[in-house]
Amino acid sequence: MNVHKLRRQKLARKLTKHSVAIIPTAPEVVRSRDTLYPYRPDSYFYYLSGFREPNAYLLIDHTGFTTLWCQPKDMEREIWDGQRLGPNEACQQLQVDRTYSIDEINQTLPPLLLTKKQLWYPSTQAMKQQIYQWCNEATKLNVANGQICPSIEANLCDILDEFRLIKDASELRIMQKAADISAQAHLAAMRLCSLSVNQKLYEYQLEAKILSTFYSHGSKFPAYNSIVAAGKNACILHYVENNATVSPKELVLIDAGCEFQGYASDITRTFPACGKFSSVQKEVYELVLNAQEAAINAIHPGAPFTAPHQAALQVLAHGLLELGILQKNKHGNASDVIANKTYLPFYMHRTSHWLGMDVHDCGSYISHATDINGSQPRALQVGMVLTVEPGLYLRPSAEVPEKYWNIGIRIEDDVVVTKTSHRILTRKVPVDIESIEQWMQS
Ligand code: GLY
Ligand code: MN
Ligand code: MN
């Protein structure tokens with residue numbers, strides 16, 4: 001039985017006798033006139049089917065019996081747009097129980113809602129409207145023959161998000177491969193940067209190296225828009241213009257990760273453009289690296305999701321005081337800095353997010369046991385994957401010693417929670433000062 005069928009059966013076990021789940025894939029999106037964006041299936045749909053074609057729906061009942069609607073075979077369209085699996089082949093290849101052409105969905109789906117009380121689907125506005133129409137059709141049939149049709153709706157994401165949060169062995173294998181490809185890309189960009197010190201180099205040339213490395217390893221898409229930020233641009237968190245020149249004295253921050261077989265990776269490295277850190281760059285880099293190490297060491301089953309963030313904050317708060325970016329007489333000790341959030345001008349994002357099919361993956365960060373009066377972070381469990389990405393962003397200001405102005409550093413790795421503690425997926429690209437310098441100068 002394939003992994004997608006196993007997941008459908010797991011979902012079915014969560015459904016009651018009178019409920020049914022409907023899952024659409026993503027729509028195609030126009031980029032310009034008659035040209036489309038590259039197609040990517042919906043993550044929930046792909047998780048349950050492994051099917052990449054557009055114009056498809058799944059319906060799963062409480063026994064796991066699965067109906068798929070997909071594009072019909074069509075010689076003319078296949079000559080223009082590419083091969084389609086078609087309903088007959090889909091039944092066997094995707095191990096679903098029944099298939100129809102998508103052209104028949106408005107006739108064939110509403111009767112399947114009869115005798116059902118509850119309908120689970122990913123609650124988007126578009127789906128709500130679609131479901132409303134199908135339920136209307138079912139109600140008409142209901143009037144004719146007196147059967148019930150669904151009157152309760154529930155958000156299927158509440159179930160599937162919890163499934164997706166814990167990665168199984170096949171998902172972890174793919175995520176390791178995605179991480180390996182991204183590591184290769186970062187290595188290649190670092191090398192290109194140091195080889196180009198005597199030439200004019202644009203950020204987009206480093207981006208091109210990153211993307212071409214993804215592509216040449218079978219990953220056709222980045223998991224998110226790549227950030228290639230030289231010098232002061234690194235202080236813009238979501239800098240994606242990537243069109244400035246790189247000066248040899250600057251640091252370069254690259255936040256880039258590929259998507260491989262539907263799964264994301266997410267790596268940030270910050271390195272000196274010329275291949276050698278200055279002493280001032282080293283001071284800040286080592287602080288962020290120590291914060292990252294403390295954060296990663298806080299990851300183990302049972303630890304709260306916020307433990308890595310708290311560990312990173314401890315190190316960063318002490319370091320900001322030591323470097324004189326914050327002052328003891330004005331801001332107090334590290335505990336005061338954390339309690340009063342005085343670090344926020346220099347570190348304004350969280351340390352971690354879930355990672356999986358989506359770069360900011362689904363799944364609650366809050367414990368289900370939390371009552372309405374307070375929110376407790378959830379405990380980490382074996383198979384969860386999260387990023388660890390502390391940073392410091394030192395814009396020019398009267399508070400900050402001038403030697404640190406425009407330094408922006410983030411270091412990001414992807415970490416899976418294991419039985420004993422954790423495993424880092426992304427360390428095929430170096431992170432400590434000596435190894436980065438060695439790689440760039442060799
Ligand atoms: N690259 C997006 C992030 O780090 O969250
Ligand atoms: Mn991230
Ligand atoms: Mn990132």
Side-chain angles (χ1 to χ4, degrees), residues 40 43 164-165 167 175-176 178-187 189-190 203-204 206-207 209-211 213-214 219 221-230 233-242 251-260 262-271 285 288-289 291-293 295-296 298-299 305-309 311-313 316 346-365 380 384-393 408-417 422-431 436:
R40 182 189 189 276
S43 296
R164 284 177 50 191
L165 192 49
K167 275 68 183 176
M175 290 188 77
Q176 182 64 68
D180 290 349
I181 295 171
S182 295
Q184 284 288 322
H186 279 264
L187 284 170
M190 283 179 186
E203 292 163 337
Y204 57 72
L206 296 176
E207 184 183 16
K209 180 56 86 180
I210 291 273
L211 296 178
T213 310
F214 290 173
S219 153
F221 308 102
Y224 53 92
N225 294 331
S226 309
I227 296 167
V228 182
N233 294 335
C235 295
I236 302 168
L237 295 182
H238 289 164
Y239 176 80
V240 288
E241 286 171 46
N242 302 351
L251 289 172
V252 180
L253 181 157
I254 299 185
D255 183 346
C258 73
E259 179 176 299
F260 184 73
Y263 286 80
S265 54
D266 187 3
I267 301 182
T268 307
R269 288 292 181 267
T270 309
F271 55 88
Y285 189 89
V288 178
L289 187 59
Q292 201 217 24
E293 192 184 349
I296 291 174
I299 296 177
F305 170 77
T306 47
H309 185 56
L313 283 183
L316 291 174
F346 316 111
Y347 183 42
M348 59 297 276
H349 59 79
R350 291 189 303 177
T351 299
S352 301
H353 56 79
W354 304 132
L355 184 75
M357 302 185 86
D358 299 306
V359 64
H360 297 155
D361 208 30
C362 58
S364 170
Y365 291 99
L380 296 177
M384 289 178 168
V385 181
L386 63 160
T387 64
V388 182
E389 48 179 307
L392 279 179
Y393 311 93
I409 293 174
R410 178 165 63 257
I411 306 171
E412 176 173 27
D413 282 286
D414 306 342
V415 181
V416 55
V417 183
H422 58 261
R423 185 170 77 250
I424 306 175
L425 299 174
T426 40
R427 280 293 167 82
K428 288 189 179 148
V429 54
V431 72
I436 290 176

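Counting convention: from 1, in listed order, for ligands and their atoms alike. It should be emphasised that the depicted structure is a prediction, and the values quoted were computed from it without experimental measurement.
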Nearest to the Mn ion (ligand 2), which N, O or S atom of [X] do we find?
X: Asp266; result: OD2
X: Glu389; result: OE2
X: Glu412; result: OE2

Practice task
For Glu412, take its heavy atoms, then give the atoms of ligand 1 lying under 4.0 Å from any of them.
Solution key: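 This gives 4 (O) as the contact atoms.
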Handout entry: For ligand 1, the portion of Val359 having any non-hydrogen atom under 4.0 Å away
Key =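 Neither; nothing of Val359 gets under 4.0 Å from ligand 1.
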Exercise for the section: Hey, could you give me the CG/OG distance between Asp413 and Ser352, rounded to the nearest 0.5 Å? Expected result: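 With rounding to 0.5 Å, CG (Asp413) is 11.0 Å from OG (Ser352).
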Handout entry: Atom pair CG/OG1 of Leu392 and Thr270 - distance to nearest 0.5 Å
Key =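 Going from CG on Leu392 over to OG1 on Thr270, the span is 10.5 Å.
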Exercise for the section: Give the residue, atom name and distance (to 0.1 Å) of the protein heavy atom nearest atom 3 (C) of ligand 1. Expected result: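 Looking at atom 3 (C) of ligand 1, the protein heavy atom closest to it is Asp266 OD2, 3.3 Å.
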Practice task
Quick one: look up the protein heavy atom nearest atom 5 (O) of ligand 1 and list residue, atom name and how far away it is.
Solution key: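 Answer for atom 5 (O) of ligand 1: His360 NE2, 2.7 Å.
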Problem - Ring centers of Tyr224, His238 separated by less than 6.0 Å - result: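 When the ring centroids of Tyr224 and His238 are compared, they turn out to be at least 6.0 Å apart.
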Exercise for the section: May I ask you to check whether Tyr365 and Phe305 place their ring centers less than 6.0 Å from one another? Expected result: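 Ring centres of Phe305 and Tyr365 closer than 6.0 Å.
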Which atom names give the shortest non-hydrogen contact between [X] and [Y], and what distance separates them?
X: Arg164; Y: Asp361; answer: NH2-OD1, 2.9 Å
X: Pro430; Y: Met190; answer: O-CE, 4.3 Å
X: Ser226; Y: Glu207; answer: CB-OE2, 4.0 Å

Exercise for the section: Flag His353 as yes if one of its N/O/S atoms falls below 2.8 Å of the Mn ion (ligand 2), otherwise no. Expected result: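 Of the N, O and S atoms in His353, at least one lies under 2.8 Å from the Mn ion (ligand 2), which means yes.
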Exercise for the section: Could you tell me whether the Mn ion (ligand 3) has an N, O or S atom of Asp255 under 2.8 Å away? Expected result: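 Looking at Asp255, which is the residue asked about, there is an N, O or S atom under 2.8 Å from the Mn ion (ligand 3).
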Practice task
Answer yes or no for Arg410: is there a heavy-atom contact with ligand 1 below 4.0 Å?
Solution key: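 So Arg410 does not count as touching ligand 1.
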